[in-house]
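The block underneath contains the structure these notes are about, expressed in structure tokens.
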Amino acid sequence: MNKENDADPTTSNFIREIVKDGIATNKQEGHICTRFPPEPNGFLHIGHAKSICLNFGLANEFGGTCNLRFDDTNPSKEEEVYVQSIIEDIKWLGFSWAGEIRYTSEYFDQLYDWAVCLIKKELAYVDDLNADEIREHRGTPTQSGRNSPFRNRSVEENINLFASMKNGEFSDGAKVLRAKIDMTSGNLNMRDPVLYRILRAHHHRTGDQWCIYPMYDFAHGQSDSIEKITHSICTLEFEDHRPLYDWIIKNLGIYHPQQIEFARLNLGYTLLSKRKLLQLVKEDHVSGWDDPRMPTISGMRRRGYTPESIRDFCERIGVAKANSTVEMALLEHCVREDLNKKAKRVMVVLRPLKLTITNYPEGQIEELTAENNPEDPKSGTRKVPFSRELYIEQEDFMEDPPKKFFRLAPGKEVRLKHAYIIKCEEMIKDRNGNITELKCTYDPDSKTGGSTAGRKIKGTLHWVSAQHAKKAEVRIYNHLFINENPANGQGDLTLSSGLNKESLEILQDCKIEPSLLDSKPGSRFQFLRMGYFCADLKDFTPDSPVFNRAVTLRDTWAKIAKQKK
RNA sequence: UGGGGCGUCGUCAAGCGGUUAAGACACAGGUUUUUGAUGCCUGCAUACGGAGGUUCGAAUCCUCCCGCCCCAGCCA
């Protein structure tokens, strides 16, 4: 259709259109207010990031506001630590909310009054049926339900009973408050849904003040209404709840926000369900919610992903109503694209192989100039020590190389990055036939600026001077699950069996440039030719440096080599 | 068999009765390169789940069919 401003990198989505239309028709006096309403029962993951970017992004885009509200109506699952982690993650992603943080629990008094209001309108009643009986009375999708025998209690009796529930006169589960709607509705949510339950659990904010708690359906819409939310954006599974959301708001006669549903994110090779992520943590399949293999915001942060790359990803995946699974490759692309522009290049040998340049003077040390980032001229250069004995990557040498192997092999030449062209003259093996050392010669004129510097050599290797190298631990991360769609396979029982046993490889004897000891935890680098890495936020110290691999570089050679096999 | 949704390239996803059916990722080829990285160039849906219909004209409207997802918590 009409080509929009070419400068606009964002593609249209249906929610943005709804918001635009609303503003164009002055529906909410031109103002937009969204909210991000997590339940504090776990850490945020990349799926939440999609929702965060949507809600905060829309508000920013249209000059509106976005609230942060903790949906804390079920004290049995919620904890303060989760509240803190969620706050940290949203901030880290780069968003800020309007005013104070909201809590649904702050509205408990108002919610109680509204429940009484429904009772007075004969639209709610106290039911003595227990959970099993209520389920039985509910019917099935194809069979309508039956009215509870307690459905026609008087207003006065209901008010008294509800007050008694609140006052702790009944045991947990003994009674509930239900909406009086329609037990024959095709929508199960409209068959007299439970509004309040009795629950004696310590609430992380209200303590033991309450022993009855509102259900999600009796709290969310009103909370939106109180906060004058214009667009209440949630995921598809709440579509069935919208008639109830609207029913409650309408019968209370209060401000009516618009609920809009979109498809939640699915990501290849991982799971995005708080329940299952909690299981991974509890069963020690990972080190915690912030394990770098976890699809959590905190895991990705620790892995070395940037907030910019996550926001970019969320913009690129779009927003729609079709269930879909986004390829991990897209997320990795976003990370690489961002880090390519920002990450300082350094040389680190992950799996060292000793290399001696036999014609290089013993004891001589050169400080070679290395660019910090070819993508960013302003990043400058640094000095890298070069000497007679070096380490190179084991995989950069082959005794019997295949065609098009542009690396080191007997008699072959290669360029050492920022340094000289060398030729492999001899290899030394131990008793078992393992290669332990390479003896090479170098071309003294081939250094940058030298007379033979322009010689075309196919391969360029990274290296570290042996006497200057420091030791580091590097953690190599791979997909947490073997299958691209782990959710496809059954339930909890197979959760652990679907785990990728090679999702973590720890390399203890990596050789790093000395300058890397000054790294700040969380700082990110490109280890030349190896990938993007991040100084671990928890475990990195100058005495025992630890780096995490965020993502590999694209590796055309690995593809070719794989095809040859 | 009830209610609510969804089906456009390998994966996401624009498209809103007239477009050569965007774009991105992935993939393939070429090129630059002291990172087999990056960059740059090229290719990649005669076709929109299927069948009918309306129309001068349909991915867009209508009908029927097929497939997939969600709902029977005193979870959110």
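Sequence lines set the chain letters: A, B, ... in the order given, protein chains first and strands last, and positions in each chain run from 1. For the numbers below, each heavy atom of this structure counts, side chains included, while hydrogens, waters and symmetry mates do not.
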Hey, are the side chains of A:W463 and A:I422 touching, using non-hydrogen atoms and a 4.5 Å cut-off?
-> no
Checking B:C75, B:A72, B:C74 against the side chain of A:N74 (C-beta onward), the nearest is B:C75
The reported gap from CD in A:E513 to CZ in A:F525 (rounded to nearest 0.5 angstrom) is 9.5 Å
Indicate, with a heavy-atom threshold strictly under 4.0 Å, whether A:P38 touches base, sugar-phosphate, or nothing.
-> nothing
What nucleic acid atoms does A:K321 come within less than 4.0 Å of, heavy atoms only: base, sugar-phosphate, or nothing?
-> sugar-phosphate
Whole angstrom value for the distance that separates C1' of B:G49 from CG of A:N323 | 16 Å
Residue A:D240, side-chain atoms from C-beta onward, closest of B:G15, B:A76, B:G4 = B:G4
Answer yes or no: does a side-chain N or O of A:S144 lie under 4.0 Å from OP1 or OP2 of B:G2?
-> no
Among B:G2, B:C6, B:A76, the one nearest any side-chain atom of A:E237 is B:A76
Report the base-pairing partner of B:U1 (Watson-Crick or G-U wobble, both distances below 3.5 angstrom), or none.
-> none
Atom CG of A:L236 and atom P of B:G7: how far apart are they, to the nearest Å?
-> 10 Å
Taking atom P in both B:A22 and B:U34, what distance in whole Å separates the two?
-> 38 Å
Please state how far atom CZ in A:R135 lies from atom P in B:C75, giving the value in whole angstrom units.
-> 11 Å
May I ask you to verify if any side-chain N or O of A:R455 is less than 4.0 angstrom from the OP1 or OP2 atom of B:U34?
-> no
Do A:T448 and B:U34 share a donor-acceptor pair, side chain to base, under 3.5 Å?
-> yes
So, does the side chain of A:H241 form a donor-acceptor pair with the base of B:A76 at under 3.5 Å?
-> yes
Does A:S324 put a side-chain nitrogen or oxygen below 4.0 Å from OP1 or OP2 of B:A13?
-> yes
Near-ring test A:F238/A:Y245, centroid separation under 6.0 angstrom | no
So, does A:H462 use its side chain to make a donor-acceptor pair with the main chain of A:K417 at under 3.5 Å?
-> no
Across every strand shown, the nucleotide meeting Watson-Crick or G-U wobble geometry with B:G57 (both distances under 3.5 Å) is none
Where the side chain of A:M215 is defined as all heavy atoms beyond and including C-beta, which of B:G36, B:A13, B:A76 is the nearest nucleotide?
-> B:A76
Quick one: is B:A76 close enough that its OP1 or OP2 comes under 4.0 Å of any side-chain N or O from A:T73?
-> yes
Taking the side chain of A:T460 as heavy atoms from C-beta outward, which of B:U35, B:A72, B:C6 is closest to it?
-> B:U35
Any residue of residues 182-190 of chain A with a heavy atom less than 4.0 Å from an atom of RNA chain B = A:G186, A:N187, A:L188
B:U63 - base-pair partner by Watson-Crick or wobble geometry, distances under 3.5 Å = B:A51
With distance as the sole test, does A:D72 use its side chain to make a donor-acceptor pair with the main-chain N or O of A:T104 at under 3.5 Å?
-> yes
A:H418 versus A:R382, side-chain donor and acceptor atoms under 3.5 Å = no
Looking only at atom P, what distance separates B:A37 and B:U32, rounded to whole Å?
-> 13 Å
Figure out the CH2/C1' separation between A:W247 and B:G4, and round it to whole Å.
-> 20 Å
Roughly, in whole Å, what's the span from CZ in A:R16 to P in B:C16?
-> 17 Å
Most 5' of A:M530 and A:E375 on RNA chain B, judged by nearest nucleotide = A:M530
Is there a Watson-Crick or G-U wobble partner for B:C27 with both distances under 3.5 Å, and which nucleotide is it?
-> B:G43
Has A:T556 got a side-chain N or O lying under 4.0 Å from the OP1 or OP2 atom of B:A37?
-> yes
Is A:Y216 stacked on the base of B:A76, meaning ring centres closer than 5.5 Å and planes within 30 degrees of each other?
-> no
Report, as a single string ordered 5' to 3', how protein heavy atoms within less than 4.0 Å touch nucleotides 23-29 of chain B: B base, S sugar-phosphate only, - not at all.
-> -SSSSS-
When rounded to whole Å, the CD1 to C1' distance for the pair A:I15 and B:A13 reads 14 Å
Would you say A:R138 reaches B:C74's phosphate, i.e. side-chain N/O to OP1/OP2 under 4.0 Å?
-> yes
Euclidean distance, atom NZ of residue A:K175 to atom P of B:C74 [Å, nearest integer] = 17 Å
Considering only the C1' atoms, how many Å lie between B:C64 and B:G23, rounded to the nearest integer?
-> 35 Å
Using atom CD of A:Q259 as one end and atom C1' of B:G5 as the other, report the distance to the nearest whole Å.
-> 13 Å
The nucleotide from B:C74, B:U35, B:G36 with an atom nearest the side chain of A:R345 is B:U35
Assign A:Y213 to base, sugar-phosphate, or nothing according to its heavy-atom contacts below 4.0 angstrom with the strands shown.
-> nothing
B:C71 and B:G29, which share atom name P, separated by this distance in whole Å = 44 Å
Close side-chain approach of A:L553 to A:Y532, heavy-atom, < 4.5 Å = yes
Any ring pair (Phe, Tyr, Trp, His ring centres under 6.0 Å) pairs touching residues 171-199 of chain A, not counting sequence neighbours?
-> A:F162-A:Y196, A:Y196-A:F218
A:N187 side chain near A:L244 side chain, heavy-atom distance below 4.5 Å | no
Check if the side chain of A:R529 and the base of B:U35 share a donor-acceptor pair of N or O atoms closer than 3.5 Å.
-> no
Ring center gap for A:Y442 and A:Y420 short of 6.0 angstrom | yes
Per A:R415 side chain, nearest of listed nucleotides B:G15, B:U34, B:C6 | B:U34
Looking only at N and O atoms, is any donor in the side chain of A:R242 or the base of B:G4 less than 3.5 Å from an acceptor on the other one?
-> no
Using the C1' atom on both, measure B:A26 against B:U63 and round to a whole Å.
-> 39 Å
Distance between C1' atoms of B:A72 and B:C48 (Å, rounded) = 36 Å
C1' spacing across the pair B:U60 / B:G53, given as an integer number of angstrom | 15 Å
Would you mind telling me which residue lines up with the more 5' stretch of RNA chain B, A:H418 or A:I198, judged by nearest nucleotide?
-> A:H418
Pairwise C1' distance, B:G49 and B:C68 [rounded to whole Å] | 11 Å
Counting side-chain heavy atoms from C-beta on, which of B:A72, B:U34, B:U35 comes nearest to A:T140?
-> B:A72
A:H333 side chain to A:A329 main-chain N or O, any donor-acceptor pair under 3.5 Å?
-> no
Side-chain heavy atoms of A:F527 within contact of A:L350, under 4.5 Å = yes
Using only side-chain N and O atoms of A:K456, determine if any of them is under 4.0 Å from OP1 or OP2 of B:U34.
-> yes
Can you tell me the pairing partner of B:A37 across any strand shown, Watson-Crick or G-U wobble, with both distances under 3.5 angstrom?
-> none
